[in-house]
Amino acid sequence: MSYDFKKIEAKWQKKWEEKKVFQVKENSKKKKYYVLEMYPYPSGYGIHMGHAFNYSIGDIRARFKRMQGFNVLYPMGYDSFGLPAENAAIKFKSHPKIFTDEAIKNFVKQQKALGLSYDWSRVLWSHDSEYYKWNQWIFLKMFEKGLVYRKKALVNWCQKCDTVLANEQVHNGKCWRHEDTEVQIKNLEQWFIKTTEYADEILKMVDKLEWPERIKTMQKNWIGRSEGVEIDFEVSSSAGGTKWKVFTTRPDTIYGVTFMVVSAQHPKLMELVTEREKRKAEDFLKKIKSVKQEDIDKLDKEGVFTGTYARHPITGEKIPVWAGNFVLADYGSGMVMAVPAHDQRDFEFAEKYGLGIIPVIKPLDVRTPLLKGHGKAITEPGIMLNSRQFDGMNSEVAKEKITDFLVNKRIAKRTVQFKLKDWLVSRQRYWGTPIPMIYCDKCGILPASEKDLPVKLPEKVVFGKGNPLETNKEFLNVKCPDCKGKAKRETDTMDTFFDSSWYYLRFCDSKNKKEIFDRKKVKYWMPVDSYIGGAEHATMHLIYARFFTKVLRDMKFLDFDEPFKKLFNQGMVHASDGFVMSKSRGNVVDPSEIVKQFGADTLRLFLVSNGSPDKDFNWDSRGIEGIHKFLNKAHDFLQKTKPSSSSKKTESKLNKSTKEITEDIENLRYNIAIIKIRQLFDYISEEGRISKKDVQSFVKLISPFMPHLAEEFWEKLGNKGFISLEKWPEADEKKIDESIEKEEQAIDKIVNDINNVVRIIKEKQDKEFTKAFIYVIPKEKNLVSKNINSIEKRTGLKVQVFASNDSKKYDPEEKSKNAKPGKPGIYLE
RNA sequence: GCGGGAAUGCCGGAGCGGUCAAACGGGCAUGACUCAAGAUCAUGUGGCUUAGUGCCUACGGAGGUUCGAAUCCUCUUUCCCGCACCA
């Protein structure tokens, strides 16, 4: 029989809500603590197990910190703009707003049923014009600062999303939301945000963050800083001579340049192609474009001669310019200087097309052949050759010398390149924040004026081909803010990552209608002390949010550098078959169903007791039953227990456990904390006798994990108020008595020994015993005698204890001779 | 290819220099209770051996450091996850 969790959980959820138990204010003497989970996209399917896991981890932390005396901000909101709602609306001929509002309602209901201790008064959703108004406001501020710009560029386009994508949203050449859809490269005019302006700082500060190492590494790789030199190459093209700034990290190999390669996707490629080579070049481009992205990776280096030549900046030699499929158009200038002797890619290309190879570095290891028959480029440092005045130098030294030489001749400059690109934020979709810009034929592109914010997303639009916003003329046509003439609004909306880049700030003051937030409130709450979410946001949300923080700081709205002090990535919850839970596999376990079946306390406890919360685990229906049994036992015991007094041993154990459990929870080792709670419970329920103070401490220890049951016990114990607001028990180190543990271990050993002998004799000789005689060294007699009852209970034998030197002892087989310190002699009959 | 992480008993999962044949849970086995099943409780659960002992084999594999290693180092295998021609 289960305890009545339905009644208990509903009761306390109602009380928490009615008494506004978890609402917080800034005017508190307590120290603040900000716990945050990455706000969810409110999917129409409701919360899934991963959400439940995420929120359980966060709620336990919030409750723990609250009881430890912190003023805890623990809010919830919804990342409610985005494509799925729009697509669903189109499919069902409805409206995204209807879908989204429904989904949020459902989410809130399910989250409340989990007993999460959010301050619901601060709830926000990004499709609220009171929220996205500030998106627009930030956009305008960034525009003012020159951090927002519009340009024509090669951009990623997903056919299924029917919009452009940010660089971060392209994975392996495919759309992050459509694994089967190749991203197309288009040359379009789009809105960008200058994230690169902060690339250096974002990179440098990574090391200071208390984040998982792998996330930090991912960010570093994503930003991808590399130091090098930009060298001017004169290129004669059909349009005349032009200069190309070519980036290299290996200026030491400059004398080894035998050709140049421009990206096959470069917009200016055709300008370089001469009339004679045009046909070949066009054939080549056609071929390249017909190859799928995934095959390009496996493809050989391929290229075609453009017909033009560059001049070597030092020797003045003619260097052929090729177009190649292995050069990125949007890194550096899209053209590289090729040094086949010392770069593997260039080497392969040169071999294929019979281009010259000039070695300019002799490897230090004399066994390495210079080039012939080596079959690959030599990339390690060595001694310079074929490099005029630099010959004989160590190549690492020559790198500097050659750079100086080029810089002095004013044909090169030291630069830093980043892999990180400016953030493409415009989207050709409806369900997002309208970009507050206006196009006037006379005045050009202008920002909407701040007082006109929010530029509201009109509800009346026609979904179909193209951007739905273009179908609402009232929205589309505006007066130019400058000349008051006819103008048109921007119909692109913002990438939803814009919304999630600053929502954690709004939580500090989510109802503010006058400004984005009260700076004092933000100063009080921020930064987030504990940010909990999945690892999938390593290079998207987590970079954008850090960027926003730095931008707002430089605009003097914030006075800190980093938004998230600590980051915790929870593991993934897989189905019991080990696969990801998915509708198509039919292995989904719905958290709300589990709550109905076993209660929220059971689900929460189960989710965090499986293993370390940062590790993946498989759903296990037997496991949840086991946890449920434990809760039943705890419930039964605490129902009938009548507080009396605690033994020294109980006090020692309780305080020791309190100390350890506190540390374990602090360090997010919830699984270990739960094991210790269970051991403590086993002890207490066996011992039976416990003081009111101690049983209360125990209930407090379990309360972050199973808050409903804990409240119920708290009330049963005659307390008014909420355990959720009680003070976390502090371990009294003076009461921890290690000798009690030792004594216990000694008795355990004796009991084990006796049981072992009984078992062996029973097997071998089929003899049964009723009595046990224990012979201890005189010093230990007291200790063992004290525990006779326990030994009798656990062995089922009548026990007598003698000192080994006792002359009157009963010892027919002289087993007392076996008595040693810690190992008494035993005789059974 | 580069980078990050992991490999422990029948299973999940702790431990991260000695107190380790390894916490805790699950499973399984035996016993108690029951007409019976379930639930519950007790005990056991690497091998051999023994009146409670001792020995051997074990923490992916191979070496090494150490008086001593699941724990530290090197190499290696397998798996997971990121990035992927970044010049």
Side-chain angles (χ1 to χ4, degrees), chain A residues 1 171-173 212-222 224-226 228-229 246-251 253 260-261 263 296-301 324-339 342-346 348-349 379 417-421 535-536 538-539 572 576 606 609-612 614-618 620-627 629-630 632-633 636 669 671-672 674-679 682 742 745 749-765 767 769 772 774 793-796 813 815 818 823-828:
Chain A
M1 252 295 277
H171 295 162
N172 287 323
E213 218 40 57
R214 64 183 181 127
I215 303 290
K216 296 212 263 184
T217 317
M218 274 192 231
Q219 289 214 343
K220 284 187 201 166
N221 292 343
W222 189 259
R225 182 182 200 273
S226 55
V229 187
V246 173
F247 180 75
T248 181
T249 53
R250 295 294 305 275
T253 63
M260 310 293 286
V261 189
S263 168
I296 285 176
D297 297 342
K298 293 174 212 144
L299 216 66
D300 265 4
K301 312 275 173 286
N325 64 345
F326 68 99
V327 176
L328 300 173
D330 50 8
Y331 185 77
S333 61
M335 187 190 283
V336 297
M337 56 177 235
V339 186
H342 305 291
D343 182 281
Q344 187 57 27
R345 296 155 299 185
D346 300 347
E348 284 169 27
F349 195 82
T379 50
Q417 279 287 335
F418 291 98
K419 278 206 264 180
L420 183 82
K421 289 185 216 158
E536 68 273 16
T539 51
M572 304 242 289
S576 48
F606 171 68
S609 63
N610 272 289
S612 182
D614 57 349
K615 293 208 177 121
D616 296 355
F617 75 96
N618 295 350
D620 176 13
S621 49
R622 283 211 191 96
I624 191 140
E625 282 169 26
I627 292 289
K629 278 182 203 167
F630 168 66
N632 271 320
K633 267 196 272 183
D636 291 349
R669 291 190 301 252
N671 53 328
I672 307 297
I674 290 161
I675 285 165
K676 285 170 187 162
I677 284 173
R678 294 187 70 155
Q679 283 171 335
D682 286 346
K742 288 211 180 98
Q745 278 166 21
K749 199 163 186 329
I750 293 169
V751 169
N752 275 341
D753 284 351
I754 294 172
N755 283 336
N756 205 4
V757 178
V758 168
R759 190 170 46 84
I760 288 163
I761 303 301
K762 199 172 171 185
E763 271 169 25
K764 299 253 152 151
Q765 302 169 24
K767 255 202 247 172
F769 299 105
I774 302 173
K793 197 175 152 202
R794 291 166 66 187
T795 57
E813 288 190 13
K815 295 288 186 191
N818 291 344
K823 267 184 207 168
I826 295 164
Y827 175 70
L828 303 175

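Reminder, nothing fancy here: chain letters follow the sequence lines and each chain counts from 1.
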Student: For atom C1', what is the distance between B:A87 and B:A7, given to the nearest Å?
Tutor: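 Each nucleotide's C1' atom is 38 Å from the other's.
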
Student: Between atom CG of A:Asp616 and atom CG of A:Asn610, what is the distance when rounded to the nearest 0.5 Å?
Tutor: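 Rounded to the nearest 0.5 Å, the CG-CG separation comes to 11.5 Å.
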
Student: Kindly point out which of B:G3, B:A87, B:A39 is positioned nearest to the side chain of A:Leu328?
Tutor: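 Nearest nucleotide to the side chain: B:A87.
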
Student: Of the listed nucleotides (B:G3, B:C86, B:A87), which one gets closest to any side-chain atom of A:Lys419?
Tutor: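 The answer is B:C86, which lies nearest to the side chain.
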
Student: Starting from P on B:A87, measure out to CD on A:Glu348 and report it in whole angstrom.
Tutor: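 The distance from CD of A:Glu348 to P of B:A87 comes to 16 Å, rounded to the nearest Å.
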
Student: Let's test this: given Watson-Crick or G-U wobble pairing with both distances under 3.5 Å, identify the partner of B:C2.
Tutor: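 B:G82 is the nucleotide pairing with B:C2.
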
Student: I'd like to know if the side chain of A:Ser263 reaches the main chain of A:Val327, judged simply by a donor and an acceptor atom lying under 3.5 Å from each other, with no hydrogens or angles considered.
Tutor: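 Confirmed, A:Ser263 side chain pairs with A:Val327 backbone.
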
Student: Name the orientation class of the two ring planes belonging to A:Phe326 and A:Phe349 (parallel below 30°, tilted from 30 to 60°, perpendicular beyond 60°).
Tutor: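 A:Phe326 and A:Phe349: tilted rings.
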
Student: For a quick check, tell me whether the side chain of A:Lys301 and the base of B:C85 share a donor-acceptor pair closer than 3.5 Å.
Tutor: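 Check passes, donor-acceptor contact within cut-off.
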
Student: Does B:A87 have OP1 or OP2 under 4.0 Å away from a side-chain N or O of A:Ser226?
Tutor: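 So the side chain of A:Ser226 is within the cut-off, an N or O lying under 4.0 Å from OP1 or OP2 of B:A87.
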
Student: Give me the distance, rounded to whole Å, that separates B:C41 from B:G82 when you measure between the P atoms they each carry.
Tutor: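 About 43 Å, rounded to a whole number of Å.
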
Student: Can you figure out which of B:C86, B:A84, B:G3 approaches the side chain of A:Trp222 most closely?
Tutor: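 For A:Trp222, the side-chain atoms sit closest to B:A84.
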
Student: Classify A:Asn610 by what it touches in the nucleic acid, base, sugar-phosphate, or nothing, heavy-atom distance under 4.0 Å.
Tutor: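 The residue A:Asn610 makes sugar-phosphate contact but no base contact.
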
Student: What is the distance from atom CD of A:Gln219 to atom CG of A:Leu420, rounded to the nearest 0.5 Å?
Tutor: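 Taking CD in A:Gln219 and CG in A:Leu420, the distance rounds to 10.0 Å.
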
Student: If you only use heavy atoms from C-beta on, which nucleotide in B:G27, B:C81, B:A87 is closest to the side chain of A:Arg214?
Tutor: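 Ranking B:G27, B:C81, B:A87 by closest atom to the A:Arg214 side chain puts B:C81 first.
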
Student: What's the closest nucleotide to the A:Thr249 side chain, out of B:C24, B:G3, B:A87?
Tutor: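 So the nucleotide nearest the side chain must be B:A87.
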
Student: Can you check the A:Glu213 CD to B:G82 P distance for me, whole Å?
Tutor: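 For the pair A:Glu213 CD and B:G82 P, the rounded distance is 18 Å.
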
Student: Among the nucleotides B:A84, B:A14, B:C85, which one has an atom lying closest to any side-chain atom of A:Asn325?
Tutor: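 The answer is B:C85.
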
Student: Starting from the C-alpha separation in whole Å, work towards a yes-or-no answer on side-chain contact (heavy atoms from CB on, under 4.5 Å) for A:Gln417 and A:Thr249.
Tutor: CA-CA 10 Å; A:Gln417 279 287 335; A:Thr249 53; over 6 Å; no

Student: Sticking with atom C1', work out how far B:U74 lies from B:C81, rounded to a whole angstrom.
Tutor: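 Each nucleotide's C1' atom is 25 Å from the other's.
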
Student: When you compare B:U43 with B:C48, how far apart are their P atoms, in angstrom units rounded to a whole number?
Tutor: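 24 Å, rounded to whole Å.
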
Student: Considering only atom P, compute the distance from B:G38 to B:U30 and round it to an integer number of Å.
Tutor: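 Between the two P atoms, the distance is 12 Å.
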
Student: Taking any heavy-atom pair under 4.0 Å as a contact, classify A:Lys676: base, sugar-phosphate, or nothing.
Tutor: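 Answer is nothing: A:Lys676 stays at 4.0 Å or more from every strand.
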
Student: Between A:Asn221 and A:His171, who's closer to the 5' end of RNA chain B by nearest nucleotide?
Tutor: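 Its nearest nucleotide lies further toward 5', so the answer is A:Asn221.
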
Student: Please measure how far the C1' atom in B:A42 lies from the corresponding atom in B:G46, and state the result in whole Å.
Tutor: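 23 Å, rounded to whole Å.
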
Student: Please classify the nucleic acid contact of A:Val261 as base, sugar-phosphate, or nothing, using heavy-atom distances under 4.0 Å.
Tutor: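 Counting heavy atoms under 4.0 Å across all strands, no contact is made by A:Val261.
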
Student: Where each residue is assigned the nucleotide of RNA chain B containing its nearest heavy atom, which of A:Thr539 and A:Gly611 is assigned the position nearer the 5′ end?
Tutor: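 On the 5' side of the pair lies A:Gly611.
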
Student: Would you indicate which nucleotide in B:G27, B:G3, B:G25 comes nearest to any side-chain atom of A:Arg622?
Tutor: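 Among the listed nucleotides, the one closest to the side chain of A:Arg622 is B:G27.
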
Student: Would you mind reading off the distance between A:Ile674 atom CD1 and B:G13 atom P, rounded to a whole angstrom?
Tutor: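 The distance from CD1 of A:Ile674 to P of B:G13 comes to 15 Å, rounded to the nearest Å.
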
Student: At under 4.0 Å between heavy atoms, what does A:Lys615 touch on the DNA or RNA strands: base, sugar-phosphate, or nothing?
Tutor: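 Sugar-phosphate only.
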
Student: Distance check needed: B:A87 P versus A:Gln344 CD, whole Å only.
Tutor: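 Rounded to whole Å, this separation is 15 Å.
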
Student: Choose from B:C85, B:A23, B:G4 the nucleotide whose nearest atom is closest to any side-chain atom of A:Gln679.
Tutor: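 Ranking B:C85, B:A23, B:G4 by closest atom to the A:Gln679 side chain puts B:A23 first.
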
Student: Does B:U45 pair with anything, Watson-Crick or G-U wobble, both distances under 3.5 Å, and if so, with which nucleotide?
Tutor: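 Checking every strand shown, B:U45 finds its partner in B:G27, with both distances under 3.5 Å.
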
Student: In whole Å, measure the gap between the P atoms of B:C73 and B:G18 for me.
Tutor: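 Each nucleotide's P atom is 15 Å from the other's.
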
Student: So what's B:U19 paired with, Watson-Crick or G-U wobble, going by both distances under 3.5 Å?
Tutor: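 Partner of B:U19: none found under 3.5 Å.
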
Student: Any salt bridge between A:Asp343 and A:Arg250, counting N to O under 4.0 Å?
Tutor: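 Answer for the salt bridge query: no.
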
Student: For a quick check of understanding: with a heavy-atom distance under 4.0 Å over all strands, which category does A:Ser612 fall into, base, sugar-phosphate or nothing?
Tutor: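 Answer is sugar-phosphate: A:Ser612 comes under 4.0 Å of backbone atoms only.
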
Student: With a 4.0 Å cut-off on heavy atoms, is A:Lys633 in touch with a base, just the backbone sugar-phosphate, or nothing at all?
Tutor: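 Sugar-phosphate, no base atom in range.
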
Student: How far does CG of A:Asp614 sit from CZ of A:Arg669, to the nearest 0.5 angstrom?
Tutor: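 Nearest 0.5 Å value for the CG-CZ distance: 11.5 Å.
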
Student: Taking B:C35 as the reference, what is the distance to B:C59 when you measure between their C1' atoms (whole Å, please)?
Tutor: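 Result for the C1' pair: 48 Å, nearest Å.
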
